[in-house]
J.: 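Quick one: structure below, then a few questions.
Labels below follow one simple rule: chain letters A, B, ... track the order of the sequence lines, proteins then strands, and each chain is numbered from 1.
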Amino acid sequence: MVEGWMYLPAVSASTFVWISGQFVIFASKNFDMSKKGKVLMAMSGGIDSTVAALMLHDEGYEVVGITMKTWDYASSVGVNNKKETGCCNLDSFNDARMAAVEHGFPHFILDIREEFGDFVIENFVDEYLAGRTPNPCVMCNTHIKWRALLKRADAMGCDFIATGHYAQIHQHSNGRYFIRKGIDDTKDQSYVLWGLQQDLLSRTLLPLGTYHKKDIRQMAHDYGYPELAKKNESYEICFVPDNDYRGFLKRRVEGLEEKVQGGYFVDKTGKILGQHKGYPFYTVGQRKGLDIALGKPAFVTQIIPETNTVVLGDEADLNGSNMQVGKINWIKYEGITDGMESLTKIRYKDKGALSNLYTYENGVNVRFYEDVKGIAPGQSAVFYEGEDVIGGGIIQRQPIETT
RNA sequence: UGGGUUAUGGUGUAACGGCAGCACUACAGAUUUUGAUUCUGUCUGUCUAGGUUCGAAUCCUAGUAACCCAA
């Protein structure tokens with residue numbers, strides 16, 4: 001069966017057929033040899049990727065729109081949940097498709113639920129069960145989304161793939177492709193792209209990297225999509241549209257709640273402060289939702305899955321000046337020299353802090369010049385040289401101190 | 001079981017007999033393509049029953065409960 005694909009007829013004369021695992025194109029008659037090349041544009045249905053698609057189209061690229069279905073969201077929350085989510089719902093598909101049809105380029109829906117679920121969701125669950133704090137968007141970009149796009153791009157003879165991220169890609173004189181921050185500092189999304197490898201970067205276009213969000217809004221108006229311009233940003237994990245990742249974990253892991261409830265909150269000396277709902281439901285740096293009143297704000301400073309213990313402290317206890325980062329992907333250079341200075345971000349929307357980088361066997365030791373707050377294992381660390389991404393990796397769990 | 005102390009929101013604590021306040025928690029918004037953080041706002045309380053007083057969280061009596069000392 002042709003289960004992986006849904007073909008939505010758009011206006012192109014091309015015919016796309018799925019044959020035994022391969023995507024085959026039967027050449028269209030009016031195949032215009034576009035000077036700029038053919039690009040497979042990932043369209044979520046939101047304002048950013050829609051405008052990006054139209055921009056490329058206007059610039060003379062032969063655009064093929066594609067919307068990826070990562071998750072059957074009706075199954076993850078109640079069906080009556082009317083909340084808009086940034087991707088994966090029917091409205092978004094329709095919005096994306098409408099724009100494509102109106103501007104005369106084809107649009108497809110690609111069902112990647114299986115590969116997405118196998119990797120991103122399992123990784124997400126595993127990480128929380130390991131007492132870490134994953135970033136599924138980064139995982140998806142790194143391992144699923146770009147690979148899925150490129151695979152189809154190749155099958156369709158596309159020169160490029162494109163997304164609506166606010167970031168830039170340039171080629172260095174050393175030959176390597178690298179990511180640079182988007183010029184709109186408030187929207188820069190280079191952080192979530194640190195995992196992309198050279199073969200992906202060399203084929204990727206990010207049309208929005210040199211624009212400000214307000215310009216994109218204006219362009220959405222100018223293109224005749226005022227309602228799109230008003231559309232909210234998406235801001236939850238795409239497979240957890242009700243924004244309750246704890247509930248998602250409970251639904252996903254049979255008997256989890258019962259198994260982990262009743263562990264202890266302790267202070268840094270090990271003194272028991274109270275009981276918690278289970279270590280997977282907390283994250284380093286968390287203050288709200290602890291359900292414990294100590295007269296002072298309390299923050300989660302450490303999660304110890306082995307003993308189902310959550311360590312609490314005050315704000316100062318979140319400070320740290322070094323960390324280990326693994327699963328490194330170098331971007332701008334093939335590697336670095338020890339001691340290299342880097343502006344290092346430890347979370348999305350982090351201003352970044354200056355640090356020195358020292359490589360060790362499987363990763364990088366980061367020493368910050370000054371304390372940073374809330375280093376959370378599982379989160380991504382991204383290294384910047386000015387506006388450029390040197391590389392990034394995953395923050396590792398610190399060895400448990402036995403004091 | 002004898003003596004003493006205490007009792008204020010979900011928690012910890014303030015209030016000379018004169019509008020019950022603070023912190024924490026919780027909740028709601030804002031922000032955010034991850035989790036968090038941050039910001040703004042909101043709710044809830046004087047153990048019970050009598051008494052004194054213009055007026056009681058506050059003083060008196062009894063009850064109840066908890067804690068401490070004695071045993």
J.: Who are the salt bridge (Lys or Arg N to Asp or Glu O under 4.0 Å) partners of A:E59, not counting sequence neighbours?
T.: none
J.: Is any side-chain N of the basic residue among A:E127 and A:K327 closer than 4.0 Å to the acidic one's carboxylate O?
T.: no
J.: Do you know which of A:R180, A:K345, A:K213 makes salt bridge (charged side-chain N to carboxylate O under 4.0 Å, His left out) with A:D188?
T.: A:K345
J.: Rounded to whole Å, please give me the gap between CZ in A:F248 and P in B:U34.
T.: 16 Å
J.: Using whole Å, report how far CD1 of A:I375 lies from C1' of B:U37.
T.: 14 Å
J.: What integer number of Å spans the C1' atoms of B:A7 and B:U13?
T.: 13 Å
J.: How far, in whole Å, is B:G4 from B:U61 if one measures between their P atoms?
T.: 12 Å
J.: For the pair made of CG in A:N319 and P in B:U37, what is the distance, rounded to whole Å?
T.: 16 Å
J.: Count the heavy atoms of every other residue, nucleotide or ligand shown that sit under 6.0 Å from CD of A:Q275, and state whether that count exceeds 12.
T.: yes
J.: Using the C1' atom in both, what is the distance from B:U38 to B:U44, to the nearest Å?
T.: 25 Å
J.: So how far is it from A:L201 CG to A:K332 NZ, rounded to the nearest 0.5 Å?
T.: 13.5 Å
J.: Please state how far atom CD1 in A:I395 lies from atom P in B:G35, giving the value in whole angstrom units.
T.: 16 Å
J.: Taking the minimum atom-to-atom distance to the side chain of A:F299, which one of B:U37, B:U34, B:A36 wins?
T.: B:U37
J.: Do any of residues 273-292 of chain A sit with a heavy atom less than 4.0 Å from RNA chain B, and if so which?
T.: A:T283, A:V284, A:G285, A:Q286, A:R287, A:K288, A:G289, A:L290, A:D291, A:I292
J.: Whole angstrom is fine here: how far is it from CD1 in A:I303 over to C1' in B:A36?
T.: 10 Å
J.: Less than 4.0 Å between a side-chain N and a carboxylate O, is that true for A:E315 and A:R287?
T.: no
J.: Mind checking the P distance from B:C47 to B:U8? Whole angstroms is fine.
T.: 6 Å
J.: CD1 of A:I237 versus C1' of B:G35: gap in Å, rounded?
T.: 7 Å
J.: Nearest nucleotide by nearest heavy atom, which residue falls closer to the 5' end of RNA chain B, A:E315 or A:I346?
T.: A:I346
J.: Before accepting this row, confirm whether a basic side-chain N of the pair A:D291/A:K277 lies closer than 4.0 Å to the acidic partner's carboxylate O.
T.: yes
J.: How far does the P atom of B:U46 sit from the matching atom of B:G21, given to the nearest Å?
T.: 13 Å
J.: Provide the distance between the two C1' atoms, one in B:U52 and one in B:C43, to the nearest whole Å.
T.: 35 Å
J.: Would you please classify the geometry between the A:Y225 ring and the A:H103 ring as parallel, tilted or perpendicular, with 30° and 60° separating the classes?
T.: tilted
J.: May I ask you to list the residues of residues 183-199 of chain A, by number, that have any heavy atom positioned under 4.0 Å from an atom of RNA chain B?
T.: A:K187, A:Q189, A:V192
J.: Could you tell me whether A:Y245 contacts a base, only the sugar-phosphate backbone, or nothing, with contacts defined as non-hydrogen atoms closer than 4.0 Å?
T.: sugar-phosphate
J.: Using the P atoms only, state how far B:G45 lies from B:A49, rounded to an integer number of Å.
T.: 16 Å
J.: Measuring from the side chain of A:K349 (C-beta onward, heavy atoms only), which nucleotide among B:G35, B:U32, B:G10 has the closest atom?
T.: B:U32
J.: State the CG-CZ distance between A:L290 and A:F299, to the nearest 0.5 angstrom.
T.: 9.0 Å
J.: Taking atom P of B:A23 as reference, at what distance in whole Å does atom CG of A:D314 sit?
T.: 18 Å
J.: Please determine whether the number of non-hydrogen atoms from other residues, nucleotides or ligands lying under 6.0 Å from atom CD of A:E227 exceeds 12.
T.: yes
J.: Against A:I346, only a single residue in A:K373, A:M323, A:Q379 fulfils side chain to side chain contact (heavy atoms under 4.5 Å, CB included); can you say which?
T.: A:M323
J.: State whether the number of non-hydrogen atoms from other residues, nucleotides or ligands found under 6.0 Å of A:E258 atom CD is greater than 12.
T.: yes
J.: Test A:Q197 against A:R147 for side-chain hydrogen bond (donor to acceptor under 3.5 Å, both in side chains), laying out the working first.
T.: CA-CA 10 Å; A:Q197 292 166 312; A:R147 285 284 159 216; 3.0 Å; yes
J.: Is the count of non-hydrogen atoms from other residues, nucleotides or ligands lying under 6.0 Å from A:Y264 atom OH greater than 12?
T.: no
J.: Can we call the ring centroids of A:H276 and A:F281 under 6.0 Å apart?
T.: no
J.: Begin from the C-alpha positions of A:Y128 and A:F248 and carry the test ring-ring contact (aromatic ring centres under 6.0 Å, His included) through to its verdict.
T.: CA-CA 11 Å; A:Y128 270 111; A:F248 181 86; 9.8 Å; no
J.: Is a salt bridge present between A:D244 and A:K250, judged by a nitrogen-to-oxygen distance below 4.0 Å?
T.: no
J.: Can you pull every protein N or O that's under 3.5 Å from an N or O on nucleotides 45-47 of chain B?
T.:
none

J.: P atom, B:C22 versus B:A65: distance in rounded Å?
T.: 34 Å
J.: Using a cut-off of strictly less than 4.0 Å between a heavy atom of the residue and any atom of RNA chain B, enumerate the qualifying residues of residues 121-144 of chain A by number.
T.: A:Y128, A:T133, A:P134, A:N135, A:P136, A:C137
J.: Nearest whole angstrom, please: distance from the P of B:U34 to the NZ of A:K145.
T.: 12 Å
J.: Stems involving RNA chain B: give each as a range paired with a range, ordered by first number, where a stem means at least three consecutive Watson-Crick or G-U wobble pairs under 3.5 Å.
T.: B:2-7 with B:64-69, B:10-13 with B:21-24, B:26-30 with B:38-42, B:47-51 with B:59-63
J.: Rounded to the nearest 0.5 Å, what separation is found between the SG atom of A:C137 and the OH atom of A:Y348?
T.: 9.0 Å
